[in-house]
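Structure first, then comments.
By convention in this document, chain letters (A, B, ...) are assigned in the order of the sequence lines, proteins followed by strands, and residues within each chain are numbered from 1.
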Amino acid sequence: MTTLNRADFVRLGSMFSGSLVLGVGASGCANQSRTAPPSSAAPGTRAAFRPNAWLIVHPNEKVTVFVAKSEMGQGVATGMPTIVADELDIPFENVLVEFAPAAAAYNDPDFHIQITGGSTSMLSSWMPLRTAGASARAMLVAAAAKQWGVDASTLTTNAGSVIDNKNNRTATYGSLTGAAASMPVPAKPKLKSREQFTLIGKVDKRIDTPLKVNGTAKYGIDVRVPGMKFASILYPPVFGAKVRSFDASKAKQVKGVIAVVQVPSGVAVVATNSWAAFQGKAALTATYDDGAFANASSESLKAQFLKLASSGTGAIAAVERGSKSVQGTRFEAVYFGQPVAHATMEPMNATASVTSDGVEIWAPTQVQTSAQAYAAKIAGVPLSRVKIHTTYLGGGFGRRLYVDFTNDAVAVSKAIKAPVQVIWTREDDIQHDWYKPMAANAVSAVLDGHGNLVAMRHTVVMDSILKGLGFPLPASGMDPVSMDSVMNSPYEIPNYQAYYINPNSGIPPGSLRAPGANWNGFVMETFLDELAHAATKDPLAFRLALLKKNPRATNVLQRVAKNASWGSPAPGTKHGLAFGFWANTPVATVAEVSMNGTTPRVHRAFVVADVGIAVNPTIVRQQLEGATNYGLSMALASKITIENGAVQQHNFYDFLVLRIDQAPEIHVDVLENAPSPTGIGELGVIPIAPAVANAVFAINGKRARTQPFSDAYPA
Amino acid sequence: MVSLTINGEQHDLDVPDEMPLLWAIRDVVGLTGTKFGCGVAQCGCCTVHVGDGAVRSCITPVSSVAGKSITTIEALGTSEQPHPLQQAWVDEEVPQCGYCQSGQLMAISGLLKKNPHPTDADLAKSITNICRCGTYGRIRKAVARATGGGQQS
């Protein structure tokens with residue numbers, strides 16, 4: 001990735017997403033079809049019933065449900081069809097899942113583009129999917145009523161059939177597909193009450209599990225298209241650099257290498273197989289125009305960040321509540337966090353075929369609309385000529401919200417006039433990510449004479465995550481994502497000021513699982529623990545006193561304390577508590593910790609979240625377990641460092657992540673105290689690191705002012 | 001030309017001797033259940049069996065396994081008769097993104113040939129496969145379910 005490309009991406013991203021967010025037809029958007037193309041997997045030959053973009057009822061009783069979100073492990077391929085099937089009133093076994101193509105019909109109702117992120121899939125799709133299912137059901141009922149010459153209100157449905165109890169007859173949905181298609185689409189179909197759900201909250205298996213234990217689930221890397229080649233791209237190591245020249249003579253001697261072509265992001269080696277492409281890349285030599293970032297190092301950036309945090313230069317006010325000069329006992333702390341790579345298990349990859357007819361892309365992407373728009377731009381074709389096939393994603397965590405890898409596949413295919421899979425090495429993946437940003441936070445607080453927290457001031461220095469995503473920032477320059485957990489803190493602190501400083505460091509800023517909150521939450525929750533101890537108050541009671549207006553938050557804290565036997569840790573361990581909030585879900589974690597030398601060992605983690613409605617209880621638990629491990633992984637050892645403008649880590653031997661030997665036993669408890677589902681995918685990341693750090697303080701009195709803990713508690 | 005026996009089938013491949021087995025399996029033979037994760041034997045996504053042992057195919061040259069019996073995830077079990085670990089993986093709902101699970105299953109099924117009842121401590125010592133979704137707790141439960149082992153350590 002070069003600076004020029006990055007700048008182009010950002011500019012394009014702002015243009016497209018800005019227009020789309022405003023609901024104004026962008027130039028490319030005008031050609032986008034409003035409805036989805038016909039299903040390629042529609043079984044049966046008689047007329048199928050397609051009442052809307054979300055489903056097809058087939059004559060053989062099967063129902064195809066289109067999943068508009070990307071399945072990256074968070075369970076949308078099971079959860080979304082569950083919602084449709086429940087309102088449609090069919091047995092879950094009848095569901096066939098198909099990933100939706102890129103089409104405006106599948107745009108997220110809040111983001112206004114087709115995107116999977118922010119732990120919002122269930123909460124934003126909840127009503128559209130229920131309505132889609134209920135609408136289809138009403139049309140099937142109307143068709144049966146007409147056929148039987150009775151009033152539709154006398155009919156019921158059950159398990160995929162319309163039932164006429166009075167006259168003792170039934171008609172399966174499959175038998176009604178032809179007639180239902182001509183029924184009027186109801187304006188406001190009647191939805192089930194929560195008590196009437198037959199599948200929501202009851203289906204607790206995943207539809208994709210069988211495919212994921214026998215090697216048949218197809219990820220981006222598994223796409224095979226007739227005539228396709230494999231390509232590996234040499235990217236300039238320094239962020240913002242450009243290739244000046246390259247020598248491909250040795251690369252071309254590698255058996256299997258077909259071509260070496262320059263693309264905007266670097267130099268692509270095209271081969272008959274992935275390994276030959278990697279070997280060819282290793283044999284390339286290149287020179288670069290590095291640009292200003294070549295002088296940057298972690299140390300110089302850290303100094304810059306800390307200076308900004310202490311001076312407040314360029315600070316934008318996010319919250320200014322109450323007084324700025326409150327009397328009492330004052331506490332101050334400065335925190336510093338390193339960048340972290342996503343490191344999805346499936347390295348970045350995409351397959352593209354650019355022909356005179358248009359572009360076809362097969363990719364593990366979280367952002368179909370952008371991938372499509374950039375592909376159209378790169379290939380010089382109308383948007384309507386770009387087809388996106390979304391595969392299973394081998395992890396996402398926010399990394400696949402970026403279009404660098406799909407753009408590369410399109411550029412290489414265009415250059416070689418053949419289908420190609422661009423595949424990244426792990427080294428490419430670690431060194432060319434959009435990272436959890438480096439951050440410095442300056443916090444201060446005042447306790448009154450009774451030990452009550454009466455004032456807090458929090459300044460966050462962090463690159464703009466929204467800008468990295470290509471979303472437009474407000475005129476003030478405020479980034480609510482980089483400020484998450486600080487500008488929207490639920491704590492009821494009477495005098496509270498929060499400020500944002502964008503350092504524009506030059507490190508590509510990324511959206512990584514609970515972006516903003518995954519760092520800011522650590523600062524808030526460890527600092528609160530420190531204040532509670534200073535006030536000689538129980539950290540649980542100290543928090544509850546600040547959440548009096550928030551019953552859902554209060555409930556999760558009280559429940560996690562009960563589950564963990566808060567205050568009575570297992571022998572040889574100590575407890576640490578932390579709270580988090582994301583996508584309208586409160587979460588709390590108690591970590592049970594001992595020390596193994598200078599490394600915290602987490603024996604058990606107790607997690608409680610209030611997810612509103614758990615559409616699939618197993619998947620909710622999986623997400624809270626997984627996010628806990630993901631957060632713990634970052635906290636214990638993961639970091640990216642920079643020297644001479646380039647990332648110093650390479651692979652899993654120097655970018656360290658959690659393995660089974662360090663994985664705690666995780667006890668999850670789920671509350672359901674909201675009228676609709678709230679987010680589940682990301683929030684578990686937020687409380688685990690501060691919970692562990694607070695437990696470490698209970699053990700040895702040391703405070704972590706940084707992550708990873710290998711830096712916080714040096715040997 | 002290298003002759004490989006994969007899942008009982010012989011493949012004569014025109015590939016360099018030093019090509020890692022992973023890429024011969026994926027890009028030349030065309031079996032994609034075995035995954036690429038790191039290329040340096042760190043993550044275990046590429047684990048297959050050679051004879052009875054689990055090996056990391058991303059650093060195994062094809063010439064070193066010529067003529068030996070290679071098993072990939074596609075032949076660990078069948079849909080009628082899944083490997084006990086595959087069944088346990090379904091029963092415990094282990095996978096999330098699922099990308100690493102071929103390697104986890106091949107690594108742990110390899111371990112079972114030497115140690116049919118691994119404890120959690122045995123898994124901690126012997127299994128270094130990475131799962132970024134963090135399914136480790138469910139892996140432990142699934143192994144216990146399949147083998148009657150578990151918590152004792």
Legend entry - Side chain, backbone, both or neither of A:Ser633 within contact of chain B (heavy atoms, under 4.5 Å): side chain

Legend entry - Region of A:Arg224 that comes under 4.5 Å of a non-hydrogen atom in chain B: side chain

Legend entry - Under 4.5 Å from a heavy atom of chain A, the part of B:Asp14 involved: both

Inset, instruction - Could you tell me which of A:His342, A:Lys218, A:Arg513, A:Arg426 has the largest number of non-hydrogen atom pairs under 4.5 Å with chain B? - result: A:Arg426

Legend entry - Which atoms of B:Ile130 approach chain A - backbone, side chain, both or neither, heavy atom under 4.5 Å: both

Inset, instruction - Give me the ring orientation class for A:His667 and A:Phe606: parallel if the planes are under 30° apart, tilted from 30 to 60°, perpendicular past 60°. - result: tilted

Legend entry - Pairwise side-chain contact, B:Gln96 with A:Lys212, heavy-atom cut-off 4.5 Å (strictly under): no

Inset, instruction - Among the options A:Ala343, A:Pro664, A:Gly75, pick out the one with the most heavy-atom pairs lying under 4.5 Å from chain B. - result: A:Ala343

Inset, instruction - Any chance you could lay out the salt bridge (charged side-chain N to carboxylate O under 4.0 Å, His left out) test for A:Glu346 and B:Lys35, step after step, and finish with the verdict? - result: CA-CA 8 Å; A:Glu346 180 190 18; B:Lys35 303 304 188 202; over 6 Å; no

Legend entry - Residue part contacting chain A, namely of B:Leu31, when any heavy atom lies under 4.5 Å: neither

Inset, instruction - Please state whether the side chain, the backbone, both or neither of A:His650 comes within less than 4.5 Å of a heavy atom of chain B. - result: neither

Inset, instruction - Answer with side chain, backbone, both or neither: which region of A:Met72 has an atom nearer than 4.5 Å to a non-hydrogen atom of chain B? - result: backbone

Legend entry - Toward chain A, the part of B:Arg26 with a non-hydrogen atom under 4.5 Å: both

Legend entry - Per-residue contact mode, A:Lys205 against chain B (heavy atom under 4.5 angstrom): both

Inset, instruction - Go through the steps to decide whether A:Asp661 and A:Arg659 satisfy the test salt bridge (charged side-chain N to carboxylate O under 4.0 Å, His left out), and finish with yes or no. - result: CA-CA 6 Å; A:Asp661 61 333; A:Arg659 301 181 194 239; over 6 Å; no

Inset, instruction - Look at the rings of A:Phe99 and A:Tyr392 and say which category their plane angle falls in: under 30° parallel, 30 to 60° tilted, over 60° perpendicular. - result: perpendicular

Legend entry - Winner by heavy-atom pair count (cut-off under 4.5 Å) against chain A, out of B:Gly137, B:Gly33, B:Gly37, B:Cys43: B:Gly37

Legend entry - Contacts of residues 45-64 of chain B with chain A (heavy atom under 4.5 Å): B:Cys45

Inset, instruction - Taking the six-membered ring for Trp and the single ring otherwise, decide whether the centroids of B:Tyr99 and B:Phe36 are under 6.0 Å apart. - result: no

